[in-house]
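One-based numbering, in listed order, for ligands and for the atoms of each.
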Amino acid sequence: MTQSAQPQHVVTRFAPSPTGRLHVGHAWSALLAMDLAHARGGSFRLRIEDIDGTRSRPEHVDGIVEDMRWLGVAWDGEIVFQSARLDSYRAALERLEAMGLLYPCFCTRADIAASAAAPHGPEGPVYPGTCRRLDEAARARRIAAGEPHAWRIDMARAVAQAGPLHWRALPFPPADDAASPVRAEPLAAGDVVLARKDAPASYHLSCTLDDAAMGVTHVLRGDDLRSATDIHRLVQALLGLPSPLYVHHPLLAGPDGRRLAKREGSIALADLRAEGVDPRRLADDLRHARFPIGISLASA
Ligand code: GLU
């Protein structure tokens, strides 16, 4: 006889960055995550990823809250702001550093672009490892001189330490919890940044820590973040964090075939509202994958 496990309290989340107003693609993702939680009697949380000091704006936080309320997307509990969680990011970085897995990187974007050898990985150009090869004395001197630096993970070393890893994928749409294992290949992304020069943590670190701290059991997000999931799985393994189930949904494209997130002036919910669109009808249409005119599923 199999032992019946305690029923899991399902927690999903929507985690926008306050860099602009929400567009139809965000709305679709948020509705899917909310419905997934509610279909299982769980909770749906909202997290504002606001530690990108150069692009995040407080007025966009208000805009996001307004857009979500208008659409009828209601979250449970308090909103989690990443800007209030810096201590936990710092503590995780200290642990990873003590494990010998981080190194300071002084390179500028231009330095990296100029390195002709830099191959392209799923996360953009793969860092050529220049600062990994610095000796301890050079590192210490440059840090003492106040030279701005990020912290990168020594990916080869981290992967060797963690061993082979898989994450659990649910199909889209997520009909049941028949998850299939997907092998995580974080090595392909190279030595990604975990703390940025201009932000105390990168997306990879903050997102992974927050999902664990919020008890997220099902991460639903766009297909463009599949390779990020490989990295998040590694961070979970290194820090002993639970690994949620992942559902990656297709992305939406505009009339020109370009992904909504990448287009200037994507159809913002605020514009639809100004045009007099009925939010209940819009939400119902999105739930049934009926998108506003000109919007369609992006081809992979
Ligand atoms: N802030 C990220 C974004 O808007 C969140 C991605 C995620 O759901 O993990 O793309």
Side-chain angles (χ1 to χ4, degrees), residues 10-37 43-58 60-61 63-65 67-68 73 75 79-86 89 122-124 167-170 172 174 182 184 186 189 192-194 196 198-236 241-253 259-263 266 268-269 298:
V10 167
V11 180
T12 68
R13 52 55 163 193
F14 176 56
S17 308
T19 55
R21 294 299 288 248
L22 296 184
H23 58 62
V24 173
H26 290 122
W28 190 46
S29 198
L31 281 164
L32 292 170
M34 178 176 77
D35 291 353
L36 176 60
S43 322
F44 168 67
R45 308 289 312 274
L46 175 61
R47 177 168 82 232
I48 301 287
E49 304 210 326
D50 60 345
I51 50 172
D52 181 338
T54 50
R55 295 171 64 227
S56 292
R57 301 252 182 288
H60 292 320
V61 177
I64 287 170
V65 166
D67 291 344
M68 290 184 66
V73 178
W75 56 92
I79 303 177
V80 172
F81 288 89
Q82 288 196 327
S83 52
R85 297 200 8 90
L86 304 187
Y89 306 150
E123 299 276 303
W167 45 269
R168 294 173 303 144
L170 285 187
F172 180 81
V182 176
V192 295
V193 167
L194 290 193
R196 294 167 34 165
D198 58 356
S202 70
Y203 160 66
H204 295 309
L205 183 71
S206 55
C207 173
T208 309
L209 290 170
D210 294 348
D211 283 339
M214 292 163 71
V216 172
T217 57
H218 293 59
V219 171
L220 185 142
R221 60 187 176 195
D223 256 338
D224 53 337
L225 291 166
R226 252 172 217 281
S227 58
T229 301
D230 290 352
I231 298 167
H232 299 182
R233 180 68 192 95
L234 173 69
V235 173
Q236 288 155 5
L241 303 173
S243 188
L245 291 161
Y246 288 92
V247 188
H248 294 98
H249 63 74
L251 299 177
L252 300 187
R259 286 176 182 179
L260 283 192
K262 308 260 183 230
R263 299 171 80 239
S266 297
L269 295 188

Geometric N/O contact S17 with ligand 1, under 3.5 angstrom: yes

Counting from 1, what ligand 1 atoms have a heavy atom of C207 closer than 4.0 Å? 9 (O)

Going by heavy atoms in the side chains, are V11 and M214 under 4.5 Å from each other? no

protein heavy-atom neighbour closest to atom 10 (O) of ligand 1 works out as L225 CD1, 4.4 Å

F44 and H218: aromatic ring centres closer than 6.0 Å? no

Quick check: A15 and ligand 1, any N/O pair under 3.5 Å apart? yes

Does the side chain of T208 pick up a donor-acceptor pair with the side chain of D210 at under 3.5 Å? no

S29 side chain to H249 side chain, donor-acceptor N/O pair below 3.5 angstrom: yes

Could you tell me if any non-hydrogen atom of Y203 lies under 4.0 Å from any atom of ligand 1? yes

Identify the protein heavy atom lying closest to atom 8 (O) of ligand 1, giving its residue, its atom name and the separation to 0.1 Å. R13 NH1, 2.5 Å

Step through it carefully: locate the ring centre of W28, locate the ring centre of F172, and say whether they are under 6.0 Å apart. yes

